[in-house]
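Just below is one structure, and these are the notes that go with it.
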Amino acid sequence: MTVGPLDDPVMVPVDAADPSAGEGAVASAGRGGGAAGSAARGLLGWVSTVDHKRVGVMYILTALLFLLVGGLEAIVIRLQLAFPRMTLVSPEVFNQLFTMHGTTMVFLVGMPVLVGFANYFVPLMIGARDVAFPRLNAMSYWLLPCGGLLLHFSVLTGAAPDAGWFAYAPLSTKPYSSLPGVDYWIAGLLLLGVGSIAAALNIIATVICERARGMSLQRLPLFVWMTFVTAVLTVMALPALNAALAMLLVDRWLGAAIFQPARGGSAILWQHFFWIFGHPEVYILILPGFGMISEVVPVFSRKPIYGYGFVAGSTIAIGLLSFGVWAHHMFTAGLGSAADIFFAIGSLLIAIPTGIKVFNWTATMWGGSLRLNTSMCFAVAFLIQFVFGGLSGIAFAAVPIDWQTTDTYFVVAHFHYVLFGGLVFALFAGVYYWFPKMTGRLLDERLGKAHFWLMVVGFNATFFVQHFLGLMGMPRRVYTYDAQPGWALLNGISTLGSLVIALGVLIFAWNLLRSAFRGPIAGDNPWGGFTLEWATTSPPPPANFDVVPPIRSRRPTWDLDHPENADWKNRPTAEDRGTRPERGVVAVWAFIASEAMFFVLLLSAFVVFNSAGPTTAAGPAAADATVAAGRAGADLDIPRTLGFTACLLASSATFWMALRALRRAIPAEAAVGADAARRSAGVRRCMAWLAATIVLGAVFLANQVSEYIGLVRRGVTIDRDLFAATFFTVTGFHGLHVFAGVVMLCVMLWLVRAGALSPRRAGVLHAGGLYWHFVDVVWIAVVAIVYLGAFQR
Amino acid sequence: MNEVHNTLVVEGVAKASWSELIRPLWNVSSPAWFVAAAWLATWWALNRNAERGAAASGATAERHAGRRAACALAAAAAFVLSFVSPLGALASGALFSAHMVQHLSMLLVVPLLALAALPRERAGGRFARSPWRGIGAILGIAPLGWALGLGAMWVWHEPTACSAATRSAALGAVRDATFLLAGTAFWWPIAGPVARDRLEPPLALAYLFSACLGCTVLGILITFTPLAVGPVFADNASGALAELPLVARLRGLGFTPRADQQLGGLLMWVPPCVLYAAMSMRLMARWYGEHRRSPEGAAGLPAAGASAMVVATTATETTP
């Protein structure tokens, strides 16, 4: 994970450091990496590519492949439920099917396809030549097939994961799931999580640092803006999942009991951690869909979006609120009525910014000259179905309704209306809209309309009736049912609907294949699109633009096509002030935010299990925790730890000195004669301080190793109790980060020595240093909480 | 003996009306009045100087002056109410949730209103001149303001610190002073009077977004942890205050120390986030309207603070 900040700086050509090189400048052969990738032809060209467009296409195709897998699983589920008491699959296989279906659709279809579109279109829409870190981008992609294969490899072991897509503890812990299915699930998701965070860092840095001149943040196309907010959410939310998965791994592989109530752990803690990730995840999935709709609707209404500021601002509001409402997934867990009321209100509040968006899209269509082609049809269907899914969601925010309908088919109907009727329809709108740009050929409209109507009919037939099934009390995730009055009929309709969907998807796949080779030639701008991607050729050249057109409004391509009626005359927007921070620094700050979240959650788990015991409502967990806290003081050598803490803190100071020395060294070009000696003296000083930093870090690590050995010798092993489990998890992960930091520092030292990090490029060293300082700050928190017992008495 | 006493108290409580229970908790002789008076005097002096300096006139200037005066009065009122109203008595050892309302008022509400009341300074103004320069320079460091704002929240909710500051009046005064100072430092880059020190809207959004996550995590911790974050509030035998008839009545209605702490945690969490979100929305609106804003500028922000405040105060002050 530490690859992120260090990935690229070495191979960035000088002109990329100048942010304003975009406009008017004839693009050179692209970034070092991009040119190398597109030079190779054929399959090798694709495998080795770092071109954002090819990576984007690979993301989308991989997601499409997994869509077929996940769709097939869904069909089998529906067939099993077609009639009462069916025996098509066994209950065990049924559990595996719905687990794999959910996991596949969320992690291997939804997120990758959105990252794919972001990859392809964000740089094009902001007039950039590539993403900020092309190599990191390729790594993010390749983690996707690796994670997907790992997940599906579990099938070959005879035990696909079967604990549901949210893997509630204790079902997912060893005593209840002893087969390796859940282990594959965890490992696969960890890989995918790392890939998603890396991709999100890349998108953040790209949007902030790689915009062409004139593209002020206030002029960003809404798809870019929403993708950006999504990336921020990804960076902040996925660490919660990673922390939970890491602790579950500790439970399953090392014998700890963090999530096992029988041994003092907390199953509710898993629910909290999972949904702290899981709820923002819903917005991670739906926001890019909103972005696509915000591009498609204006173009096919021949109007600019109505209320740009409201659409963009409400996205921020959704992002903020999404972190405060996760517990509405846990109303039945018994959190207490105070918590329930607050979470219910928070969940209701989200309807406001979402509603604003719906009104804006509707107002954009109002009075426009609508072109109801396939793309626009999908967008309109999205609007209607998403509103429907949103309304059933608001119903769920009311706690009593939730108590009544949770874990029934009403829930299944609700989230499929949001994610299928909403997101998937938005995706189809996006595919029909952008396919011509990606391939140079139009999709077939006749097949498209057939696809559209099959989807609308199939989708609503499948999921609308499930609302009734849920209200009638049919539980979800149960492999069969008795012939209650009406159940057979409604389930039959639902299954028929799913077959219609399958037919629609097959037609879509055929349309894609056929049109990619035989479709009519599209031309650069078949729809009269407004945004920058339509100003280049279809498909775009490797460097995206020969000349980036002038950007003076939110619709630069419209301005090009209609100079007499240009937006910058009629709808002035804030001018670009040309601020483009160093991308390494931006990426490292985003990475630090992500890591901070990770450690906050690990430390929370430590506090939960090591508190000195509650004054009220004591349970077995609390009693165990009291014992653990009693041992904690005895097990740890606090004075020694404080000594080595000073060591680590001193390393921050030495690093600061190294950076100062490098910044003060005179650049090589300017160094002649006597200056050359002074220059090399500055660089040497920098290297000496860096070496001192490395030594201090290594001393700290050595102390930690000897502390661990001492603890294990005295019988304090990770599976002993909750104190030991959380202690080793927190300090172990911190140690890993220090280790990664030391490796990073060694690389920096080598780069300085090799002359690759000249004083002019001191920003790179600065970015690496931010990470090192962050690791120190985390350690201060660890010492305060773990060793000195803050927040526990 | 003790049991008899308790029964008597409980019976007395059962008979009394709510207003009879609440009325004795007003602390009209609180020294908070002096602080508020000192603040208003300072504000008046600052404002008079500023008016003399600026030759601005007309309806807009008058409206701004009126808004600033309203903010100054509101800051004083919020401060006084935190100590004089029953909230003050309940906060000093009886109810954790009352303490939380007081805490948020000191840290977020009063400083924001106070900053909104200060006359705007274009390029440093008074804060670039000698006696104030050091203060202006320190307040201008945004990361420091962020760390102080969040630090004050976290440090004073470390259970030991929280209890100690509630037990000792002197430490309590220190705590309240750090709240006011940290709150000023926190809001300075967002709503401070010096235009130069205010963050660009995108950075300000990140500032508020991350601050929101910070108080969310603390709120979650307080809400869900089995531990008493303010042991002094949970400990029924901690002193005379715990036997306040009002508290006894509330306890009788099922408002246990546990529920009290849950409410406190949720107050830590939701109202600040609503305030930050409201400020963020206001910043976004200004940002998207940047091209048509007059160079005068910056006048909108106090209004944003005030309107956001209404949301926050109505949300917090309806609690027991």
Side-chain angles (χ1 to χ4, degrees), chain A residues 208 216-218 232 236 268-269 272 276 308-310 312-314 316-317 319-321 323-324 327 335-339 341-343 345-346 349 353 572-575 577 579 589 593 596-597 600-601 604 607-608 610-619 621-622 625 784 789-793, chain B residues 97 154-155 157-161 163 200-202 205-206 208-210 212-214 216-221 223-229 231 234-236 255-267 269-270 273-274 276-278 280-285 287-293:
Chain A
I208 294 181
S216 58
L217 282 172
Q218 292 100 315
V232 174
M236 301 307 291
I268 293 289
L269 191 70
H272 277 303
I276 287 174
Y308 175 98
F310 277 96
S314 59
I316 296 270
L320 270 172
L321 288 170
F323 280 98
L335 302 176
S337 51
I341 292 168
F342 270 79
F343 278 109
I345 293 173
L349 280 179
T573 38
E575 283 302 325
R577 293 196 213 136
T579 335
W589 272 114
M597 195 77 183
V600 161
L601 288 160
S604 311
V607 169
V608 166
N610 294 282
S611 297
T615 47
T616 53
F791 292 103
Q792 292 151 54
R793 275 185 298 277
Chain B
S97 46
W154 278 82
V155 168
H157 281 115
E158 207 290 311
T160 322
S163 282
E200 291 277 305
L205 280 180
L208 290 173
F209 192 96
S210 49
C212 178
L213 286 183
T216 300
V217 171
L218 182 60
I220 294 166
L221 196 71
T223 308
F224 292 116
T225 181
L227 169 79
V229 171
D235 190 359
N236 282 325
F255 193 64
T256 57
R258 182 93 201 86
D260 183 28
Q261 178 173 326
Q262 270 203 345
L263 181 62
L266 292 163
L267 284 170
W269 176 0
V270 179
C273 279
V274 170
Y276 299 157
S280 304
M281 291 306 105
R282 177 67 204 180
L283 282 167
M284 288 285 284
W287 192 45
Y288 280 119
E290 217 170 55
H291 56 282
R292 56 181 121 81
R293 207 170 28 149

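A, B, ... follow the sequence lines: proteins, then strands. Residue 1 opens every chain.
With a 4.5 angstrom heavy-atom cutoff, B:A259 does not touch chain A via any of its atoms. Residue A:F310: no heavy atom, backbone or side chain, is found under 4.5 Å from chain B. Within the 4.5 angstrom heavy-atom criterion, no atom of A:A593 approaches chain B. With a 4.5 Å cut-off on non-hydrogen atoms, A:L335 touches chain B through its backbone and its side chain both. In this structure, the portions of B:W154 lying under 4.5 Å from any heavy atom of chain A include both its backbone and its side chain.
The 12-atom threshold is exceeded at CH2 of B:W287, counting heavy atoms of other residues, nucleotides or ligands nearer than 6.0 Å.
Note: B:L213 leads B:T216, B:T223, B:L221, B:L213 in heavy-atom pairs under 4.5 Å with chain A. For chain A, the option among B:V217, B:L266, B:I220, B:L208 with the highest count of heavy-atom pairs below 4.5 Å is B:L266. Put simply, of A:G336, A:A339, A:A327, the one with the most heavy-atom pairs under 4.5 Å next to chain B is A:A339. The choice from A:A338, A:A784, A:P572 that makes the most heavy-atom pairs within less than 4.5 Å of chain B is A:P572.
With B:L205 as the fixed residue, the side-chain contact (heavy atoms from CB on, under 4.5 Å) test singles out one of B:M284, B:M281, B:E200: B:M284.
When side chains are defined from C-beta on, B:C273 does not count as touching A:F323, because their heavy atoms never get closer than 4.5 Å. You'll find the side chain of A:T573 stays beyond 4.5 Å of the side chain of A:Y308, heavy atoms only. A:L320 places none of its side-chain heavy atoms less than 4.5 Å from the side chain of B:Y276.
Remark: the backbone N or O of A:A574 is paired with a side-chain donor or acceptor of A:S216 at under 3.5 angstrom.
Considering all non-hydrogen atoms of both residues, B:L267 and B:S97 come closest at CD1-O, 3.8 Å.
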